[in-house]
Amino acid sequence: MSQHIEFPCPIDRSPMQEIFQATILGKYEATYFRCPTCRLMQPHPPIWLEESYSAAIAKTDVGLIARNRNNWKRLEPLLHHMFPPEAKFLDVGGGYGLLCRGLRDDGYDCYTTDQYCPNLYAADFEPGPDFKADALLAFEVMEHIADPYDFVSGAFERYGCKTLIFSTLIHQGDEIPPMDWWYYAFETGQHVSLYHQESLQMLAKKLGVELWSLSDGLHVLSDRVPKGLGRHFLKPNRLGSAYGYYVSRSRRGLSKLQSDYEAAKAGVRQLQSRGSSENK
């Protein structure tokens, strides 16, 4: 084990305990810690992050497009059920804007932001300084956040909502996941928070919201978690698939693709007209 280090769990402030060492990016020796209360695991200190994020999207992330497509199809019935038709959504850490573009194609008023990655697919749909949302989305984000409570509470305050729908693969039970657990991502060093079910429960409690885990990888922190029969229609099972198909069919004709195209075309024409005026 390394020299003694003490630091508090960012969720419940309990002293973190050393659990193992691992090699990150093939060259950095890292010590991993675990909270004895909520079981959050983190490497500390992650001195390799600047190198890890020299590219916003890791080279090993070959499932980027397939994952985004799956995410917006999983989100469609959830957003349809939980929010009114005029609701606004913001994808925080939205990468290239693929998820935002997919949801807009399905008729949802979605926006995206990411300080580390260029927005290639939804450049006209980034939040302004006074932007408010009905819900936030965070896919492949929470495992990259060193202080999840600070991140989520800050986002709730900034965007005026108390709902976060997010992905992260949790571990359960008392045992520490084996060293070959792929979600450690030792080869990229980008996963710095590895959550247990108890971690998310404690996070929800501190935020004053409820936690609803639809699966080991998809979760909702919200003050408006669905109750009763509605919950069963949103699970990733046969009933959920049937409901998703119904929602998809019922939303035909709501796509924002054409209106977004017309707005983009008008913007291009305005820029061209301005350029012509300045050249005269």
Side-chain angles (χ1 to χ4, degrees), residues 10-11 53 56-57 67-68 71-168 192-193 195 199-214 217-226 234 254 256 259-260 263:
I11 295 178
Y53 287 107
I57 307 298
R67 189 173 61 251
N68 273 275
N71 287 340
W72 84 62
K73 290 305 177 186
R74 286 194 299 174
L75 280 169
E76 186 173 33
L78 192 60
L79 301 183
H80 180 85
H81 183 82
M82 289 182 65
F83 299 95
E86 67 276 10
K88 280 183 164 53
F89 306 101
L90 176 63
D91 187 15
V92 293
Y96 294 137
L98 272 171
L99 180 60
C100 175
R101 185 64 261 166
L103 287 172
R104 294 192 68 82
D105 288 357
D106 283 348
Y108 296 94
D109 195 11
C110 190
Y111 299 78
T112 185
T113 181
D114 194 318
Q115 61 179 316
Y116 299 109
C117 191
N119 181 357
L120 302 180
Y121 296 99
D124 291 334
F125 303 101
E126 295 188 355
D130 298 321
F131 181 88
K132 299 301 178 186
D134 293 277
L136 307 176
L137 315 174
F139 283 77
E140 305 297 319
V141 171
M142 291 294 284
E143 56 273 14
H144 300 266
I145 302 299
D147 192 330
Y149 173 75
D150 183 67
F151 173 76
V152 180
S153 62
F156 280 176
E157 181 176 358
R158 179 176 181 180
Y159 297 114
C161 67
K162 297 200 78 172
T163 296
L164 175 68
I165 303 170
F166 66 102
S167 71
T168 198
V192 296
S193 287
Y195 302 87
S199 312
L200 300 185
Q201 291 283 5
M202 183 65 71
L203 181 58
K205 182 178 180 180
K206 285 198 65 177
L207 291 166
V209 297
E210 294 183 65
L211 169 71
W212 181 32
S213 290
L214 286 82
L218 181 61
H219 318 274
V220 179
L221 290 167
S222 182
D223 59 355
R224 56 193 302 168
V225 168
L234 300 171
L254 298 179
K256 296 184 180 296
S259 60
D260 288 353

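For reference, positions follow the sequence shown, starting with 1.
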task: Apply side-chain contact (heavy atoms from CB on, under 4.5 Å) to the pair L99 and E140, showing each step before the final yes or no.
output: CA-CA 11 Å; L99 180 60; E140 305 297 319; over 6 Å; no
Close side-chain approach of [X] and [Y], heavy atoms under 4.5 Å:
{"X": "Y108", "Y": "F89", "answer": "yes"}
{"X": "L75", "Y": "L103", "answer": "yes"}
{"X": "I165", "Y": "L136", "answer": "no"}
{"X": "L203", "Y": "M142", "answer": "yes"}
{"X": "L221", "Y": "L207", "answer": "yes"}

Inter-residue atom distance [X].[atom1] - [Y].[atom2], 0.5 Å rounding:
{"X": "F139", "Y": "N71", "atom1": "CZ", "atom2": "CG", "answer": "4.5 Å"}
{"X": "L137", "Y": "D91", "atom1": "CG", "atom2": "CG", "answer": "5.0 Å"}
{"X": "F156", "Y": "S222", "atom1": "CZ", "atom2": "OG", "answer": "7.0 Å"}
{"X": "S167", "Y": "L214", "atom1": "OG", "atom2": "CG", "answer": "12.0 Å"}
{"X": "Q201", "Y": "E210", "atom1": "CD", "atom2": "CD", "answer": "10.0 Å"}
{"X": "D105", "Y": "L254", "atom1": "CG", "atom2": "CG", "answer": "12.5 Å"}

query: Looking at L90, N119, T113, which one forms a side-chain contact (heavy atoms from CB on, under 4.5 Å) with E126?
result: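 The passing option is N119.
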Member of K256, E76, R101 meeting the side-chain contact (heavy atoms from CB on, under 4.5 Å) criterion with D106: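 Looking at K256, E76, R101, the match for D106 under the side-chain contact (heavy atoms from CB on, under 4.5 Å) is E76.
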Indicate the atoms forming the closest heavy-atom contact of [X] with [Y], along with that distance.
{"X": "L164", "Y": "A138", "result": "CD1-CB, 3.8 Å"}
{"X": "F83", "Y": "D134", "result": "CE2-O, 3.6 Å"}
{"X": "T112", "Y": "C100", "result": "CB-CB, 3.7 Å"}
{"X": "G208", "Y": "K162", "result": "O-NZ, 4.0 Å"}
{"X": "A146", "Y": "P10", "result": "O-CG, 3.5 Å"}
{"X": "H144", "Y": "Y53", "result": "ND1-OH, 2.6 Å"}

Would you say the side-chain atoms of [X] pair up with the backbone N or O of [Y], donor to acceptor, closer than 3.5 Å?
{"X": "H219", "Y": "T168", "answer": "yes"}
{"X": "S193", "Y": "I145", "answer": "yes"}
{"X": "K206", "Y": "Y149", "answer": "no"}

- prompt: Angle class for the Y111/F125 ring planes (parallel below 30°, perpendicular above 60°, tilted otherwise)?
  reply: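 If you compare the ring of Y111 with that of F125, the planes turn out perpendicular.
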Over 12 non-hydrogen atoms of neighbours within 6.0 angstrom of [atom1] in [X]:
{"X": "K132", "atom1": "NZ", "value": "yes"}
{"X": "R224", "atom1": "CZ", "value": "yes"}
{"X": "E86", "atom1": "CD", "value": "yes"}
{"X": "Y121", "atom1": "OH", "value": "no"}

message: What verdict does the side-chain contact (heavy atoms from CB on, under 4.5 Å) test give for R74 and L218, after you've listed the backbone C-alpha separation in whole Å, the side-chain angles of each residue and the deciding distance to 0.1 Å?
response: CA-CA 9 Å; R74 286 194 299 174; L218 181 61; 3.9 Å; yes
- request: Kindly write out the residues that satisfy salt bridge (charged side-chain N to carboxylate O under 4.0 Å, His left out) with D109, not counting sequence neighbours, or none if the list is empty.
  value: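 So D109 forms a salt bridge (charged side-chain N to carboxylate O under 4.0 Å, His left out) with K88, R104.
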